[in-house]
Protein chains: 2
Amino acid sequence: MSTVEKISFGQYIRELRENANLPLRRVASELDIDTSTLSKIEKNERNANEQIIDGISKIFHIEKSELKLRYLSDKITYQLLDEDNGLEILKVAEEKIKYQRQQNKK
Amino acid sequence: MSTVEKISFGQYIRELRENANLPLRRVASELDIDTSTLSKIEKNERNANEQIIDGISKIFHIEKSELKLRYLSDKITYQLLDEDNGLEILKVAEEKIKYQRQQNKK
DNA sequence: ACTATTTTGGACAAATAATGCCAAAACAAA
DNA sequence: TTTGTTTTGGCATTATTTGTCCAAAATAGT
């Protein structure tokens, strides 16, 4: 059973780190950020960014697309969770993306 | 033909205003913001916010849910347009929202 | 072309958010 | 409990965003 929809980005990268038995200190220094910042990212109290996703990808050998999938789907979920037409908004976004891509081909 | 996926939030509210034959000056003053700010929102160079969406809803008698649909789907589209797995990300976000709502019911 | 009005772009100030620092809390090993 | 280490929370600093003001550009009416 896939768990991608059940765990947050923060939980996911915390598990990666704990499975590798590394303290925040080590991973944060690799990422060139403060331990405190990484701690907050793992607790979903801070946003990650390209640089951090890139670094995590390298440290744990996870595809960037996998990390971005988890990160961005989390963000979008958070943006829409309180909208009563959240799922409809997603559908329209899907149509917009398809439309835009179609246009850009020309 | 529906155009919701073809026009941006900014274009949409500009059309509302132009169809009503109102200058930026009038609408902006109703919304209690600068004309310049409204101009930028119509050109998608600035974000709208709750207060503005609320005001537009009242001025033009458009459902808030309709405006939010257009506004948020635009933002999400913009966030994902450059991701090659953008559509997959949407699918996962959909599953996450459903999962979260299921959880919250309990 | 001239004038009046609307719209836009840029400079600046205020508000908001991100980040790092550091001390305290939590945890582990003895 | 004591010592050593990891993790967290709060605060100060920095960066980003947002909004206003104002002058210039664009548009409309005569």
Side-chain angles (χ1 to χ4, degrees), chain A residues 7-60 64 67-68 70-82, chain B residues 7-60 64 67-68 70-82:
Chain A
I7 78 170
S8 69
F9 178 75
Q11 284 177 267
Y12 178 68
I13 65 170
R14 170 152 290 187
E15 284 174 17
L16 287 177
R17 183 177 62 79
E18 290 180 341
N19 289 341
N21 243 290
L22 295 170
L24 285 169
R25 180 175 52 81
R26 303 275 248 99
V27 175
S29 110
E30 279 283 323
L31 297 173
D32 200 31
I33 60 175
D34 197 78
T35 54
S36 169
T37 300
L38 183 54
S39 165
K40 283 159 193 161
I41 292 170
E42 288 185 349
K43 301 170 83 229
N44 300 303
E45 290 169 3
R46 277 276 188 287
N47 287 326
N49 60 34
E50 197 72 20
Q51 171 221 336
I52 287 165
I53 287 176
D54 230 72
I56 290 171
S57 163
K58 294 206 176 74
I59 295 171
F60 300 107
K64 257 186 82 171
L67 290 171
K68 282 193 156 187
R70 288 175 181 271
Y71 178 65
L72 290 171
S73 62
D74 245 38
K75 274 193 92 166
I76 290 170
T77 298
Y78 177 73
Q79 288 178 75
L80 296 186
L81 204 54
D82 293 331
Chain B
I7 79 170
S8 69
F9 177 76
Q11 285 176 266
Y12 178 67
I13 66 170
R14 169 151 292 186
E15 283 174 18
L16 287 178
R17 182 176 62 80
E18 290 181 339
N19 289 341
N21 243 291
L22 295 170
L24 286 171
R25 178 175 54 79
R26 303 277 247 96
V27 176
S29 111
E30 280 282 324
L31 297 173
D32 200 30
I33 59 175
D34 198 78
T35 54
S36 171
T37 300
L38 183 54
S39 165
K40 284 160 193 161
I41 291 170
E42 287 185 352
K43 301 171 84 229
N44 301 302
E45 292 169 2
R46 277 277 191 289
N47 288 325
N49 60 34
E50 197 72 19
Q51 171 220 335
I52 288 166
I53 287 176
D54 230 73
I56 290 172
S57 163
K58 295 208 177 72
I59 296 170
F60 300 107
K64 257 187 83 172
L67 289 171
K68 281 194 156 186
R70 288 174 180 272
Y71 178 66
L72 290 171
S73 63
D74 244 38
K75 276 194 93 163
I76 290 169
T77 298
Y78 177 74
Q79 288 177 76
L80 297 185
L81 204 53
D82 293 332

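Letters A, B, ... mirror the listed sequences (proteins, then strands); counts begin at 1.
- Rounded to whole Å, the distance from CD1 on B:I13 to C1' on C:dT7 is 14 Å.
- No hydrogens or angles were tested; on distance alone, a donor-acceptor pair under 3.5 Å links the side chain of B:K40 to the base of C:dG10.
- For B:L24, counting side-chain heavy atoms from C-beta on, the closest listed nucleotide (D:dC21, C:dT7, D:dG10) is C:dT7.
- The residue B:R46 sits close to a base: some heavy atom pair falls under 4.0 Å.
- For A:I33 and C:dC22, the CD1 to C1' distance is 17 Å, given to the nearest whole Å.
- The residue A:R17 sits close only to the backbone: its heavy atoms come under 4.0 Å of sugar-phosphate atoms, none of a base.
- For a distance-only test at 3.5 Å, the side chain of B:S36 fails to qualify as a donor-acceptor partner of the base of D:dG19.
- Salt-bridge formation is not detected for the pair A:R70/A:D74: no Lys NZ or Arg NE/NH1/NH2 atom is positioned less than 4.0 Å from an Asp or Glu carboxylate oxygen.
- The shortest distance between the side-chain N/O atoms of B:N47 and the OP1/OP2 oxygens of D:dT18 is below 4.0 Å.
- Interface remark: the A:S39 side chain does not form any donor-acceptor pair with the D:dG9 base, using a distance-only criterion of under 3.5 Å.
- Side chain of A:T77 to backbone of A:S73: a donor-acceptor contact under 3.5 angstrom is found.
- One can place CG of B:L31 at 12 Å from P of D:dG19, the figure rounded to the nearest angstrom.
- With rounding to whole Å, B:E50 atom CD is found 15 Å from D:dT18 atom P.
- Atom CG in A:L22 sits about 15 Å away from atom C1' in D:dT7, given to the nearest Å.
- The nearest whole Å value for the distance from the NZ atom in B:K43 to the P atom in D:dA26 is 12 Å.
- Distance CG (B:D32) to P (D:dT18): 18 Å, rounded to an integer number of Å.
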(message) Before you tell me yes or no, could you show the steps for A:F60 and A:L22 under side-chain contact (heavy atoms from CB on, under 4.5 Å), namely the whole-Å CA-CA distance, both residues' side-chain angles and the distance that decides it to 0.1 Å?
(response) CA-CA 11 Å; A:F60 300 107; A:L22 295 170; 4.2 Å; yes
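- Looking at A:I59 and A:L31, their side chains come closer than 4.5 Å, going by heavy atoms from C-beta outward.
- Taking side-chain N and O atoms only, B:R25 has no distance below 4.0 Å to OP1 or OP2 of C:dT8.
- The NZ atom of B:K75 sits 11 Å away from the P atom of D:dT17 (whole-angstrom rounding).
- When heavy atoms are screened at a 4.0 angstrom cut-off, A:R14 is found touching the sugar-phosphate backbone but no base atom.
- No donor-acceptor pair under 3.5 Å is formed between the side chain of B:Y71 and the backbone N or O of B:I53.
- The residue among B:E45 and B:R26 whose nearest nucleotide of DNA chain C is located toward the 5' end is B:R26.
- Put simply, A:N49 has no side-chain N or O that comes within less than 4.0 Å of OP1 or OP2 on C:dA18.
- Of all nucleotides listed (D:dT6, C:dG9, D:dG19), D:dT6 comes nearest to the side chain of A:P23.
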